[in-house]
Amino acid sequence: MQAALAEAEAAESEGEVPVGAVVVLEGRIIGRGHNRVEAAQDPTAHAEIIAIGAAAQTLNTWRLDDATLYVTLEPCHMCAGAIVLARIARLVYGARDPKAGACGSLAMVPQDLRLNHRAEVVPGVLAADASALLEQFFRARRRGMNRLET
């Protein structure tokens, strides 16, 4: 999770919402990513999607059986769907996302029995650290907006 937090910090330094993700297999990081939505002007450029894509390229297969995805914020529906489609075995995330989270908050996509694959979900790992990054980012953004309004 520390590597995912480092990715989140990289996102923040680029002016992106500070969310980071890494995919780990057999103790080795095989994919990493952080939010790039603004830079890419792509609504799908979430940390999880980038990390999963990088992992698939590393292994030269879209099947990420036995891999663990570590992400600093609870994945949204799109990212939860990608976790299922990539056959990721385990999701570990930090902060909950009560407005968009699809891995415990609004839904539990990775464990939906109607789907052909399920992933173990471990919430709350280093949640305070992940939450602090997000709170700091949005607090600074609100301050900046207030300055523009005056």
Side-chain angles (χ1 to χ4, degrees), residues 1-40 42-56 58-59 63-115 117-146:
M1 186 58 88
Q2 290 292 346
L5 284 166
E7 288 292 325
E9 289 169 355
E12 182 179 34
S13 74
E14 295 171 13
E16 300 279 352
V17 174
V19 178
V22 295
V23 179
V24 175
L25 181 66
E26 297 173 353
R28 181 173 74 102
I29 294 175
I30 58 169
R32 38 175 91 240
H34 57 268
N35 274 3
R36 305 260 313 136
V37 172
E38 297 298 333
D42 178 355
T44 69
H46 289 197
E48 301 93 323
I49 300 297
I50 294 167
I52 290 168
T58 297
L59 297 180
R63 290 184 164 107
L64 302 178
D65 302 311
D66 302 320
T68 298
L69 173 66
Y70 293 87
V71 61
T72 58
L73 181 65
E74 179 182 355
C76 68
H77 280 81
M78 174 183 69
C79 294
I83 291 164
V84 171
L85 292 172
R87 311 294 196 267
I88 289 174
R90 187 170 176 238
L91 164 66
V92 178
Y93 71 83
R96 287 196 178 274
D97 186 349
K99 293 183 180 178
C103 301
S105 291
L106 298 179
M108 183 52 100
V109 173
Q111 294 183 342
D112 190 318
L113 296 176
R114 297 168 293 179
L115 300 175
H117 174 77
R118 280 162 291 290
E120 175 188 359
V121 177
V122 180
V125 175
L126 296 180
D129 295 336
S131 292
L133 269 175
L134 288 160
E135 288 168 9
Q136 170 186 319
F137 175 82
F138 286 112
R139 192 176 311 118
R141 183 173 267 189
R142 282 190 298 276
R143 272 196 307 269
M145 287 179 183
N146 289 340

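Computation of the quantities below employed the complete heavy-atom set of this structure, encompassing side-chain atoms and omitting hydrogens, waters and symmetry-equivalent molecules. Numbers for residues simply follow the sequence, beginning at 1.
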Heavy-atom side-chain proximity of Val84 to Val109 below 4.5 angstrom | yes
Under 3.5 Å: donor-acceptor pair, side chain of Arg118, backbone of Leu115 = yes
Where do Val125 and Met1 come nearest, in terms of heavy atoms and distance?
-> O-CE, 3.5 Å
Salt bridge check: are Arg63 and Asp65 linked by an N-O gap of less than 4.0 Å?
-> no
When rounded to the nearest 0.5 Å, the distance separating NE2 of His117 from CG of Asp112 is 12.5 Å
How close do Cys79 and Pro75 get, heavy atom to heavy atom, and via which atoms?
-> CB-CB, 3.9 Å
Of all heavy-atom pairs linking Val19 and Ala47, the shortest is O-CB, 3.4 Å
Decide yes or no for Leu25 and Leu59: does some side-chain heavy atom of the first lie under 4.5 Å from some side-chain heavy atom of the second?
-> yes
So the salt bridge (charged side-chain N to carboxylate O under 4.0 Å, His left out) pairs with at least one residue in residues 81-108 (sequence neighbours excluded) are Arg90-Glu120
Under the salt bridge (Lys or Arg N to Asp or Glu O under 4.0 Å) test, residues paired with Arg36 that sit two or more places apart | Glu14
Is Thr68 close to Val23 at the side-chain level, that is, under 4.5 Å between some pair of heavy atoms?
-> no
Student check: side-chain heavy atoms of Leu91 and Tyr70 closer than 4.5 Å | no
Check whether any side-chain heavy atom of Glu12 sits under 4.5 Å from a side-chain heavy atom of Gln136, and report yes or no.
-> yes
Rounded to the nearest 0.5 Å, how far apart are CZ of Arg142 and CZ of Arg139?
-> 7.0 Å
From OG1 (Thr44) to CD1 (Ile50), nearest 0.5 Å | 8.0 Å
Any side-chain heavy atom of Val17 within less than 4.5 Å of one from Phe138?
-> yes
Nearest heavy atoms of Leu106 and Pro98, plus distance in Å = CD2-O, 3.5 Å
Side-chain donor/acceptor of Glu16 to backbone N/O of Val37, under 3.5 Å = yes
Between the side chain of Glu74 and the main-chain N/O of Cys103, is any donor-acceptor distance below 3.5 Å?
-> yes
Kindly indicate whether the side chain of Ile52, heavy atoms from C-beta on, has any atom under 4.5 Å from the side chain of Ile83.
-> yes
Over all atoms of both residues, closest heavy-atom pair of Pro18 and Thr72 | O-OG1, 4.0 Å
Starting at CD1 of Ile88, measure out to CD of Glu48 and round the result to the nearest 0.5 Å.
-> 9.5 Å
Over all heavy atoms of both residues, which pair between Ile30 and Thr58 is shortest? Give the atoms and the distance, please.
-> O-OG1, 2.7 Å
Nearest 0.5 Å, what's the CG-CD distance between Asn35 and Glu7?
-> 10.5 Å
Close side-chain approach of Leu134 and Leu73, heavy atoms under 4.5 Å = yes
